[in-house]
Structures are given as C-alpha cells and as structure tokens.
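To keep things clear, I will list the structure first and then write my remarks on it.
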Amino acid sequence: MASTSTQPIATADKSILTPVMTLEGHEPWIEYMSLPDGEQHEFKNVSCMSYFPDGKEIMSGSGDKTIRRWDLRKGKEIEKDREDYEDVKAVGVSRDGRWVVIAGKKGIKVREVETGIVRTFHEDDLTWCINISADSTLLAGGSFREVRIWNLDTGELVANLDTVELEPGPFDQPFPGALRFSGDSCKLAVSLYDLRQGNTIGRQSHRLQVWDVQTQKLIVQKPTDNGSISNSPIFWTTNDKSIVAVSNTVSSMIYEYDASTLKTVGAPFKHTSHVGGLALSSDCVLLASSYNGTIKLWAFESRQLLASFDVESPITLLLSPDSRQLAYTRYNDTKIYICDIPANILASIESTSSKSQHPDLLNVRVLAFSFLHTIPFSIIVRCNTSHRAP
C-alpha cells in the first residue's frame, strides 16, 4: 500500500490507556547472570502472545517456562491447556485455528488443536522466531544462520534458506529476529541481525530480506542500519505490495518498504527513541507502536497519529483479529493487559476502511500446496504471476 502522505501528522495528545481486563498467572523466575556479583536475579515479563482467530482466546509464553491459554470472555486462564516449555521465544496460532505452535530452546513444537497430536521440528536447536502462512499450511522457523520451512500437514521440511552464504565478510553470525509470509504464501520476509557486527555493545548490523519460497532464492535484500537488536515484528501490506519494519537508528522510525525493491514508500512513522513493539491490523488500516513509556496508534495510510498513551515500559503489542482490542505486556511485569481501542479511533479507521478496497487478510484463502516435485500447476502459475509487473 503506497502512501500519498509526505509528512506524518501528529495531532494526538498523550492520555491514559485503561485496560478492560488484566490476565494474571505467569510468575517471576530466577536466573544466574554473568555479572560481577555472581548473584541470582529475578525476572518478570511475558515475552510472546498470539490471538486465536475468533479473538476470544489468547496464548502467551514466558520465561517461567509455561505456555498459557486464556479465555478472554471470562478473563481467566484455561488451566487444563497449560504447557511447560523451556526458554520460550515465540507462540503462534494458525489463522484457521487448527495449529498451535511453540518455539524456543528445544526447537519447535506443533500441536493440532482438535486431535491433540504433537510434532516436534528442529528439535534441540534454539528457534528465535516463527510465522505461519495465511493459508495455515506452512510454518517458518528462524534459528542461528538459517530459516527453515515445514509443511504443517505432513511435517515435511520443504525449504531451508541459508542466510550465511549470502553474507560475505564480517556478516557471518546472523540470526533472524522476525519472519513473515506474504499473503499469498509465495514469499517470506526476514529481519536479520548479525551478532558480531558493530564496535559497541548493543549496536548490530541489520538486513531486511525477501525470499521466494518456491525456489528458495533471495529476491532482494537491504541493509537498514538497525542500531540495536530487536525482535519487533515485520508485516506485509495489502496485496503484498510493501513491508513494514522498524529501523532503530539514531532517529528511530518505522518504515514502509516496496516489496520488490525494498525502497522506502511514503513518510516514515517517527519516534524519539527505540521502538519495541509493533502491530498492524489485518486490513492495514491501524498501526500500533510502543517505545519509552508510550503506545501510539496511527492511521497507516495517512500516517496520522490518532492517539498517544502513557504506558510504563511496554514490550509486546498485539491487535485482536477484528482490530477492536489491543493486548500488551510490560518489562518487569508478569501480567497481560487487554484494552479496547477507543470508540472515536474505531469510527475513524472504519470510515477509512469502508472507503478503501482492502481485503481482510484473515479471510485470505489460498490453496494448500507442497513443494519441489509435488507443487500443483495452479500454484506455480499463481506464484509466478505474482512476480509480474502490473
């Protein structure tokens, strides 16, 4: 989605975002740190969340080694569905609600919700991030130096994207911070960091890449000079025309990049410090971002700042499937906060959405497919035509 705006509009004053529900259950945990005092340190945070497609339940993962499922109608944990998982990094629920995916220190665990059948992918290998394709058939997992893609139905490894071979010189310790399939499931966007690059602690080299899933070839990549490691999500916009990603340079911004060239599109969303959380509504109308004690809501296409809220140390942001609620977590806090999007903002974005032609990405239906010699001809045609110039 190309924006016609040349400068972002900031008109909203800061106010308080009042949660309508607070989910409590995750616990603090103790770890030894490699610090001079050699003492134990207590940590408290919920590191990852994912809504179920009906918006009535949410999954969460924490360093307390538990995965919890919450009923948002009752505001309580569904305790029978609690799972233990060491050093969880990511959780995900497929858009058809069929699969629940957990990733962390022991690889990836995939559970079919209806049958309870569990598969383990990439076992005993730390997985940093995951993404499930819009058609709920493919799973991508990012670990040190590589990204792998599996068929969820069969468990077959169908692609292995080796990022190292494409990074000459000092860029030899890359790990993916975020992944996202395009809406048609034909491409994969990768936010890639180098653990060894940089002269000061916390400043790392960063690249944004776009891969062709079928051919396993890199289509385009761009160094974005990200000033620090971030696992902020990346997003595709309507019709897979562009990609939204954070650039935490000295002037921290959120950029929209053309998906074919990775050149910037329109004006950036400007922030005054490190951007931590990012969420884009499924219709690409509402953008939420967090940094330095603030959560902001933006009209995506116009770049207009709709609201700015004082929130202490927000980390993860998540918009509900219908974009009517915002879930967030905070540093040094084990709670999950659920907030209603203010009525005036809903009215504003619904008016914008009704005037546009944006389909809801949650309702995108793509034929399931497998790879290599078993790819159906209709899918090859679809993916190939998606690369043609309009």
Side-chain angles (χ1 to χ4, degrees), residues 5 7-19 22 26 28 41-49 60 62-63 89-90 129 177-178 191 193 198 200-206 208 224-235 244-257 264 266-281 286-300 302-319 325-342 345:
S5 171
Q7 292 294 329
I9 305 169
T11 59
D13 295 326
K14 281 193 176 182
S15 56
I16 303 299
L17 187 62
T18 304
T22 302
H26 282 293
H41 292 265
E42 182 180 83
F43 294 86
K44 294 188 292 185
N45 73 274
V46 177
S47 56
C48 48
M49 301 183 292
S60 64
S62 166
K89 299 296 184 185
C129 53
S191 176
Y193 296 85
T200 59
I201 295 175
R203 292 196 61 81
Q204 309 292 334
S205 181
H206 173 258
L208 184 62
T224 63
D225 191 29
N226 196 307
S228 58
I229 290 178
S230 170
N231 61 350
S232 297
I234 51 180
F235 298 92
V244 181
V246 171
S247 179
N248 280 316
T249 55
V250 175
S251 55
S252 299
M253 297 186 189
I254 302 166
Y255 286 99
E256 182 181 1
Y257 299 96
T264 55
F269 300 83
K270 293 184 178 180
H271 291 73
T272 57
S273 64
H274 180 96
V275 178
L278 189 67
L280 181 64
S281 64
L286 180 65
L287 182 78
S289 60
S290 67
Y291 75 101
N292 194 29
T294 303
I295 291 177
K296 292 181 179 290
L297 298 179
W298 309 78
F300 179 74
S302 70
R303 301 328 198 229
Q304 181 179 359
L305 179 62
L306 303 173
S308 183
F309 303 102
D310 285 324
V311 176
E312 183 180 355
S313 304
I315 313 176
T316 304
L317 297 181
L318 193 63
L319 286 167
Q325 286 191 325
L326 175 72
Y328 71 87
T329 65
R330 308 189 309 178
Y331 286 105
N332 200 34
D333 193 343
T334 59
K335 302 181 184 70
I336 300 170
Y337 300 90
I338 310 294
C339 307
D340 287 338
I341 301 295
I345 293 178

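In this chain, residues are counted from 1 in sequence order.
Residues P28 and T334 form a side-chain contact, since some pair of their non-hydrogen atoms from C-beta on lies under 4.5 Å apart. Side chains of L297 and L286 form a contact here, defined as non-hydrogen atoms less than 4.5 Å apart. Two residues are said to be in side-chain contact when any heavy atoms from C-beta on lie closer than 4.5 Å; T294 and V311 fail this criterion. Side-chain atoms of L326 and L17, non-hydrogen and from C-beta on, do get closer than 4.5 Å to each other. For the pair R303 and K270, the minimum side-chain heavy-atom distance is 4.5 Å or more. A heavy-atom distance below 4.5 Å is found between the side chains of S60 and H26. Between F309 and P342, some side-chain heavy-atom pair lies under the 4.5 Å cut-off. Contact of the D333 side chain with the V46 side chain is not registered, since no non-hydrogen atoms from C-beta on lie closer than 4.5 Å.
Relative to the ring axis of Y328, R330 does not place its NZ or CZ within 45° and under 6.0 Å from the centre.
Residues passing the side chain to side chain donor-acceptor pair (under 3.5 Å) test with T329: none are found, sequence neighbours excluded. For A327, the side chain to side chain contact (heavy atoms under 4.5 Å, CB included) test picks out M49, Y51, I58, L318, I338, with sequence neighbours left out. Shown here are the side chain to side chain donor-acceptor pair (under 3.5 Å) partners of D340, two or more places apart in sequence or in another chain: Q325.
Looking at every heavy atom in both residues, S289 comes nearest to L278 through CB-CD1, 4.2 Å. Nearest heavy-atom pair, V275 versus G277, reported as atom, atom and distance to 0.1 Å: CG1-O, 3.7 Å. Of all heavy-atom pairs spanning A90 and C129, the tightest one is CB-CA, 4.3 Å. Heavy atoms only, all atoms of each residue included: I234 and A178 are closest at CD1-O, 3.8 Å. Considering every non-hydrogen atom in both N332 and N45, the closest pair reads N-CB, 4.5 Å. Taking all atoms of both residues into account, the shortest heavy-atom contact from W298 to L306 is C-CD1, 3.8 Å.
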Trace of the ring pair (Phe, Tyr, Trp, His ring centres under 6.0 Å) decision for Y255 with F269 = CA-CA 7 Å; Y255 286 99; F269 300 83; 9.4 Å; no
message = side-chain contact (heavy atoms from CB on, under 4.5 Å), that's the test. Do E256 and F300 meet it? Break it down for me.
response = CA-CA 10 Å; E256 182 181 1; F300 179 74; 3.6 Å; yes
ask   = Between T22 and I336, does a side-chain contact (heavy atoms from CB on, under 4.5 Å) hold up when you go through it step by step?
value = CA-CA 6 Å; T22 302; I336 300 170; over 6 Å; no
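In this structure, CD1 in I254 is found 10.0 Å from OH in Y291, a value given to the nearest 0.5 Å. Here the straight-line distance linking atom OH of Y337 with atom CG of L317 works out to 14.0 Å at 0.5 Å rounding. Between the OG atom in S47 and the NZ atom in K89 there is a gap of 7.5 Å [rounded to 0.5 Å].
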